[in-house]
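In what follows, chains are A, B, ... by sequence order, proteins preceding strands, each numbered from 1.
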Amino acid sequence: EAQVTQNPRYLITVTGKKLTVTCSQNMNHEYMSWYRQDPGLGLRQIYYSMNVEVTDKGDVPEGYKVSRKEKRNFPLILESPSPNQTSLYFCASSLDRVSDTQYFGPGTRLTVL
Amino acid sequence: AQSVTQLGSHVSVSEGALVLLRCNYSSSVPPYLFWYVQYPNQGLQLLLKYTSAATLVKGINGFEAEFKKSETSFHLTKPSAHMSDAAEYFCAVSRSLFYNDMRFGAGTRLTVKP
């Protein structure tokens, strides 16, 4: 089954404790991205990757890191989480251009205390 | 800069009634436009998209949207609401051929009353 998976689905952590949210897709997609969803703000793009070893900042990259060492995986790293990073995070992937469908993962709800 | 405005954070309709969710965009170049649906505890699912083909776009689950350049609008409609349509709906716009320039609206929560 074609899908985007994220782990963990729920995470409660404390300020400053490094964490990684994994994202994996099984569709051989070139493009992957991370969004955060906050009430009243919709989704905002954090980082995106056009291909292996090619990543770039989205609209809200501060406090986040990503890597794309393999085509299928695109982990999101919070080196020193802060309470303002409490949010719902989505990973997404697509084959290439906007003519292709963008598929979203199920989301990771992160709470930073 | 481009932006997306969804009019009405909450919309309530009766089952069988017309669904109309409004979306206006601002973009300096012809955009690509999208509607996504999000069911509780799930990711976003594409309903339909406009990518410079026909201005009336038909999507899944009986939804459609019309791109009106003169009004900078891309409203989502469905003739007859079903209980299963209750969800949050997001309009999005991209100026780029790729998804790296996506902007989402704040979302509209649709409630369907029996």
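One hydrophobic cluster holds both B:Trp35 and B:Val57 under the rule that ILVMFWY side chains link at heavy-atom gaps under 4.5 Å. In the hydrophobic cluster analysis, where Ile, Leu, Val, Met, Phe, Trp and Tyr join through side-chain heavy atoms closer than 4.5 angstrom, A:Leu88 is grouped apart from A:Tyr47. Taking hydrophobic clusters as Ile, Leu, Val, Met, Phe, Trp and Tyr residues chained together by side-chain heavy-atom distances below 4.5 Å, B:Leu18 does not share a cluster with B:Met83. In the hydrophobic clustering of ILVMFWY residues, with side-chain heavy atoms under 4.5 Å counting as a link, B:Phe90 and B:Leu20 come out apart. Residues A:Leu78 and A:Tyr48 do not share a hydrophobic cluster, clusters being chains of Ile/Leu/Val/Met/Phe/Trp/Tyr side chains in contact below 4.5 Å.
No part of A:Tyr89 comes within reach of chain B, as not one of its non-hydrogen atoms sits under 4.5 angstrom from that chain. Of the two parts of B:Leu44, the backbone and the side chain both hold a non-hydrogen atom closer than 4.5 Å to a non-hydrogen atom of chain A. Heavy-atom distances place both the backbone and the side chain of B:Tyr99 under 4.5 Å from chain A. Using a 4.5 Å cut-off between heavy atoms, A:Arg44 does not touch chain B at all. Contact of B:Thr51 with chain A is made through the side chain alone, with heavy-atom distances under 4.5 Å.
Put simply, the residue from A:Asp96, A:Val98, A:Asp100 that forms a side-chain contact (heavy atoms from CB on, under 4.5 Å) with B:Phe98 is A:Asp96.
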side-chain contact (heavy atoms from CB on, under 4.5 Å) evaluation trace for B:Gln38 with A:Phe90 = CA-CA 12 Å; B:Gln38 184 181 31; A:Phe90 289 102; 3.1 Å; yes
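Put simply, OG on B:Ser94 and CZ on A:Arg97 are 12.0 Å apart, with the number rounded to the nearest 0.5 Å.
For residues 102-113 of chain A, a heavy-atom distance under 4.5 Å to chain B picks out A:Gln102, A:Phe104, A:Gly105, A:Pro106, given by residue number. Close approach to chain B, defined as a heavy atom under 4.5 Å from one of its heavy atoms, is seen in A:Tyr31, A:Tyr35, A:Gln37, A:Gly40, A:Leu41, A:Gly42, A:Leu43 of residues 21-43 of chain A, taken by number.
The choice from B:Glu88, B:Lys49, B:Gln6 that makes the most heavy-atom pairs within less than 4.5 Å of chain A is B:Lys49.
For A:Ile77, the CD1 atom sits in a packed shell: over 12 heavy atoms of surrounding residues, nucleotides or ligands are nearer than 6.0 Å.
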